[in-house]
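Worth knowing before you read on, the calculation uses all heavy atoms, side chains too, and leaves out hydrogens, waters and symmetry mates. A, B, ... follow the sequence lines: proteins, then strands. Residue 1 opens every chain.
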There are 2 protein chains.
Amino acid sequence: MDATHPQLALDRQICLPLYAASRAVTRRYGELLTEVGLTYPQYLCLLALWDAGEPLAVGELGARLHLDSGTLTPVLKRLQSAGLVTRTRDRNDERRVLVAPTPEGRRMRERVADVPTRLVEGLAMSESDGRTLRRLLDRLIAELED
Amino acid sequence: MDATHPQLALDRQICLPLYAASRAVTRRYGELLTEVGLTYPQYLCLLALWDAGEPLAVGELGARLHLDSGTLTPVLKRLQSAGLVTRTRDRNDERRVLVAPTPEGRRMRERVADVPTRLVEGLAMSESDGRTLRRLLDRLIAELED
DNA sequence: CGCAATTGAATTGCACGCAATAGAGTTGCG
DNA sequence: CGCAACTCTATTGCGTGCAATTCAATTGCG
């Protein structure tokens, strides 16, 4: 490899480890989640809904997950087909669609409760490293989504 | 949100910021790369090929980018259609397909030389934070790809 | 040497991501 | 009130990612 444009050297890129690590984590989650029939984005949607404790509009869900309706609509339709969430027009604002977990969607919470734990086991990442990583990633997100 | 299974709280997940940051970076690269007609994975393939300085088999490229042939084959075909790389059976091992940049593929290096710089500008990430981030991500990748 | 096991790439099928656009509903301003 | 501007979700089109499978080429073992 030649010496011009050293900023193009593969081992100088931050973007590649970020991209590879994100996919590695998603892949590992995927392996654990197929056991209960979920994909990773579907799991994230449920996490956000459980967390909220009340129905969320598609846009509110998207704000929490940094995803838009183009991505969420088909994911939510699949969750609906699986009987895990309901999608209802907001009677107070017919533009909005409210998403809420069904009873079966709430039961799923128990079924995936051990997934984050199983994933973190086997990672040699300390509590402190985890906080550092989060802080750096959150800053990156904030700076890129202005 | 209820207090059971605190490990399922959305703001406790490392995976979500990792996923969101990776997509934010990829999206930003995508914006800069459309100017020259490249996608982010296509750009990564070219980076790896320029870096290697010699033809790479699909598998070797995949090892560098952590991608498999199922993903790479269509990406490489599009790069070939765009006239940026050649794909040739290895005469010494007909199972392998060697990928190499064309002259136009090499010229592309000049055209994207400012892309990483433009992306890093506007990020308030210090040299030291960048190294920390890389180290943590590389460890994560190593532990998940065993 | 002969052939079963292995390797490398391509193919298939499915689920994202995301830009761009469409289309329905709501708001705010004159 | 009327309607243009805006908001929210859905749709479209394209390019990944990835597991599973297929197919051809090579290797290694008896």
Side-chain angles (χ1 to χ4, degrees), chain A residues 16 19-35 37-45 55-63 65-82 85 87-99 144-145, chain B residues 16 19-35 37-45 55-63 65-82 85 87-99 144-145:
Chain A
L16 179 54
Y19 174 66
S22 172
R23 286 185 298 104
V25 168
T26 300
R27 197 159 48 240
R28 181 76 186 112
Y29 264 104
E31 291 167 7
L32 300 176
L33 289 170
T34 47
E35 298 174 12
L38 289 177
T39 65
Y40 179 67
Q42 289 168 12
Y43 166 76
L44 287 182
C45 286
L56 289 180
V58 173
E60 295 168 337
L61 196 50
L65 303 182
H66 307 270
L67 288 169
D68 68 6
S69 72
T71 299
L72 283 175
T73 296
V75 172
L76 294 172
K77 282 185 175 177
R78 278 185 281 272
L79 283 173
Q80 184 180 32
S81 303
V85 307
R87 291 163 65 242
T88 328
R89 286 278 160 197
D90 184 344
R91 305 300 291 277
N92 295 118
D93 183 345
E94 296 275 348
R95 290 171 305 184
R96 290 155 45 100
V97 167
L98 295 177
V99 184
L144 286 168
E145 290 188 349
Chain B
L16 180 54
Y19 174 67
S22 172
R23 287 184 298 104
V25 168
T26 301
R27 196 159 49 237
R28 182 76 184 112
Y29 264 104
E31 291 167 8
L32 300 176
L33 290 169
T34 47
E35 297 174 11
L38 289 176
T39 64
Y40 180 67
Q42 290 167 11
Y43 165 77
L44 287 182
C45 287
L56 290 179
V58 173
E60 295 167 337
L61 196 51
L65 304 182
H66 307 271
L67 288 169
D68 67 7
S69 73
T71 299
L72 284 176
T73 296
V75 172
L76 295 171
K77 283 185 174 177
R78 277 185 281 272
L79 283 174
Q80 185 180 32
S81 302
V85 306
R87 292 164 63 243
T88 329
R89 286 276 159 198
D90 184 342
R91 304 299 291 277
N92 295 117
D93 183 344
E94 296 275 350
R95 288 171 305 184
R96 290 154 46 96
V97 168
L98 296 176
V99 185
L144 286 168
E145 288 187 351

Over how many whole Å does the gap from [X] atom [atom1] to [N] atom [atom2] extend?
X	N	atom1	atom2	value
B/Leu76	C/dT11	CG	P	12 Å
A/His66	C/dC16	NE2	P	18 Å
B/Arg23	C/dC18	CZ	P	5 Å
B/Glu31	C/dA19	CD	P	7 Å
B/Tyr40	C/dA19	OH	P	16 Å
B/Asp68	D/dT16	CG	P	13 Å
A/Leu72	D/dC8	CG	P	14 Å
A/Gln42	C/dC14	CD	P	14 Å

Original post:
Checking side chain to side chain contact (heavy atoms under 4.5 Å, CB included) for the pair A/Leu67/B/Arg23: CA distance, chi angles, key distance, verdict?
Top reply: CA-CA 10 Å; A/Leu67 288 169; B/Arg23 287 184 298 104; 3.4 Å; yes
Residue [X], side-chain heavy atoms: nucleotide from [options] that is nearest:
X	options	result
B/Thr71	D/dC18, C/dT26, D/dT26	D/dC18
A/Arg78	C/dA15, D/dT9, D/dC18	C/dA15
A/Val75	D/dA10, C/dG25, C/dC16	C/dC16
A/Thr73	C/dG25, C/dC16, D/dA10	D/dA10
A/Ala57	D/dT9, C/dC18, C/dA10	D/dT9
B/Asp93	D/dA10, D/dC18, D/dT26	D/dT26
A/Arg89	D/dC18, C/dA10, D/dT9	D/dT9
B/Arg95	C/dA19, D/dA10, D/dA25	D/dA25

Original post:
Within the structure shown, what part of the strands sits under 4.0 Å from A/Thr39 by heavy-atom distance: base, sugar-phosphate, or nothing?
Top reply: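 Sugar-phosphate contact only.
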**OP:** Assign B/Gly59 to base, sugar-phosphate, or nothing according to its heavy-atom contacts below 4.0 angstrom with the strands shown.
**Re:**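 It contacts sugar-phosphate atoms only.
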Subject >> B/Pro55 to B/Leu98 - nearest heavy-atom pair and separation >> reply: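 For B/Pro55 and B/Leu98, the tightest heavy-atom pair comes out as CB-CB, 4.2 Å.
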**OP:** Tell me which of A/Val97 and A/Ala24 sits closer to the 5' end of DNA chain D, going by the nucleotide each one is nearest to.
**Re:**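 By nearest-heavy-atom nucleotide position, the 5'-most residue is A/Val97.
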Subject >> side-chain contact (heavy atoms from CB on, under 4.5 Å) against A/Glu94, all qualifying residues, sequence neighbours excluded >> reply: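 By the side-chain contact (heavy atoms from CB on, under 4.5 Å) rule, A/Glu94 matches A/Arg89, A/Arg91.
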**OP:** Given side chain to side chain contact (heavy atoms under 4.5 Å, CB included), test A/Cys45 with A/Val85 step by step and report yes or no.
**Re:** CA-CA 10 Å; A/Cys45 286; A/Val85 307; over 6 Å; no
Phosphate OP1/OP2 of [N] contacted by [X] side-chain N/O (<4.0 Å):
X	N	value
A/Arg96	C/dG25	no
A/Lys77	D/dT9	no
B/Ser69	C/dA9	no
A/Arg27	D/dC18	yes

Subject >> Counterpart residues, salt bridge (Lys or Arg N to Asp or Glu O under 4.0 Å), relative to B/Asp68 (two or more places apart) >> reply: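 With sequence neighbours excluded, B/Asp68 shows a salt bridge (Lys or Arg N to Asp or Glu O under 4.0 Å) to no residue whatsoever.
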**OP:** Test B/Gln80 against B/Leu76 for side chain to side chain contact (heavy atoms under 4.5 Å, CB included), laying out the working first.
**Re:** CA-CA 6 Å; B/Gln80 185 180 32; B/Leu76 295 171; over 6 Å; no
Subject >> 5' priority, DNA chain C, between A/Pro74 and A/Asp90 [closest heavy atom] >> reply: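 Its nearest nucleotide lies further toward 5', so the answer is A/Pro74.
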